[in-house]
S.K.: 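Below is the structure I would like to discuss, written out as structure tokens.
Only a predicted model underlies this, so the values are computations on that prediction, with no experimental measurement involved.
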Amino acid sequence: MHHYAKWALLVGVLALSGCQGFGKGNKVTVTPRAGQPVTGGTALSAPTGDGVKGQLTTCLFEADQLLKMNQEKYREPVNALYQNIRQAKYYASVAARLSAGNTDTLTPMYQYKVNDACNTVSQMLLTELKQGNTVMEANR
């Protein structure tokens, strides 16, 4: 679990570093999962605490479940997820020293890449579970 917490912290730092340019009187509208727009006043804040950590922990758990179901079939998308996380980790380590223009562009890109890989893994697991596949059946 320590390994997962390390990655969660990294993504949390990445997400927080992406919001440095906000708070300059910009009005922001965000559409949450419930589908009702939420209008923010002056600042947009990144998810903090267990939000980002929890999302990444869930993502890594789902990736692990896919590998337990069929390692050969899901090795490539899980490797892509970990590659995106490694890239985001490196970016997070240098982001503080990059220009604001670069971080305004790159931070959302890295967030997107990790989220996209997590969504891919999540959809694959959903498909497996809808078909009635389980980890126990895969290990027989």
S.K.: Can you tell me which residue pairs pass the disulfide bond (SG atoms under 2.5 Å apart) test with a partner in residues 53-111, sequence neighbours excluded?
M.R.: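 Pairs touching residues 53-111 that pass the test: C59-C118.
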
S.K.: Given 3.5 Å as the limit, does a donor-acceptor pair link the side chain of T103 with the main chain of A100, or not?
M.R.: yes

S.K.: Which heavy atom of A63 sits nearest to which heavy atom of L81, and what is that distance?
M.R.: CB-CD2, 3.8 Å

S.K.: Where do V121 and L66 come nearest, in terms of heavy atoms and distance?
M.R.: O-CD1, 3.5 Å

S.K.: Within this structure, what is the CG-CD distance for the pair N84 and Q111, rounded to the nearest 0.5 Å?
M.R.: 13.0 Å

S.K.: Quick one: pull up NZ in K113 and CG in L106 and give me the separation to the nearest 0.5 Å.
M.R.: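 It comes to 9.5 Å.
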
S.K.: Could you pull out all residues at least two apart from N79 that satisfy side-chain contact (heavy atoms from CB on, under 4.5 Å)?
M.R.: R75

S.K.: Calculate, to the nearest 0.5 Å, the distance between atoms CE and CG belonging to M69 and L125 respectively.
M.R.: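 M69 atom CE to L125 atom CG measures 5.0 Å (nearest 0.5 Å).
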
S.K.: Taking atom CG of N115 and atom OH of Y110, what is their separation to the nearest 0.5 Å?
M.R.: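 Those atoms lie 14.5 Å apart.
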
S.K.: Could you tell me the separation between the CZ atom of R86 and the NZ atom of K89, rounded to the nearest 0.5 Å?
M.R.: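 Output value for this atom pair is 9.5 Å.
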
S.K.: Is there a chain of hydrophobic side chains (I, L, V, M, F, W, Y, each step under 4.5 Å between heavy atoms) that links M109 to Y90?
M.R.: yes

S.K.: Taking atom CD of Q131 as the centre, report whether more than 12 heavy atoms of other residues, nucleotides or ligands fall under 6.0 Å from it.
M.R.: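 More than 12 heavy atoms, drawn from other residues, nucleotides or ligands, come within 6.0 Å of this atom.
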
S.K.: Going only through I, L, V, M, F, W and Y residues with side-chain contacts under 4.5 Å, is there a path from V52 to Y112?
M.R.: no

S.K.: Under 4.5 Å between any side-chain heavy atoms of L60 and Y82, yes or no?
M.R.: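 Sidechains of Y82 and L60: in contact.
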
S.K.: Any side chain to side chain donor-acceptor pair (under 3.5 Å) involving residues 116-128? Give me the pairs, sequence neighbours left out, ordered by first then second residue.
M.R.: E62-S122, K73-E128, Y74-E128, E128-N133

S.K.: Would you mind reporting whether N102 and T107 have side-chain heavy atoms less than 4.5 Å apart?
M.R.: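 A side-chain contact under 4.5 Å is absent here.
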
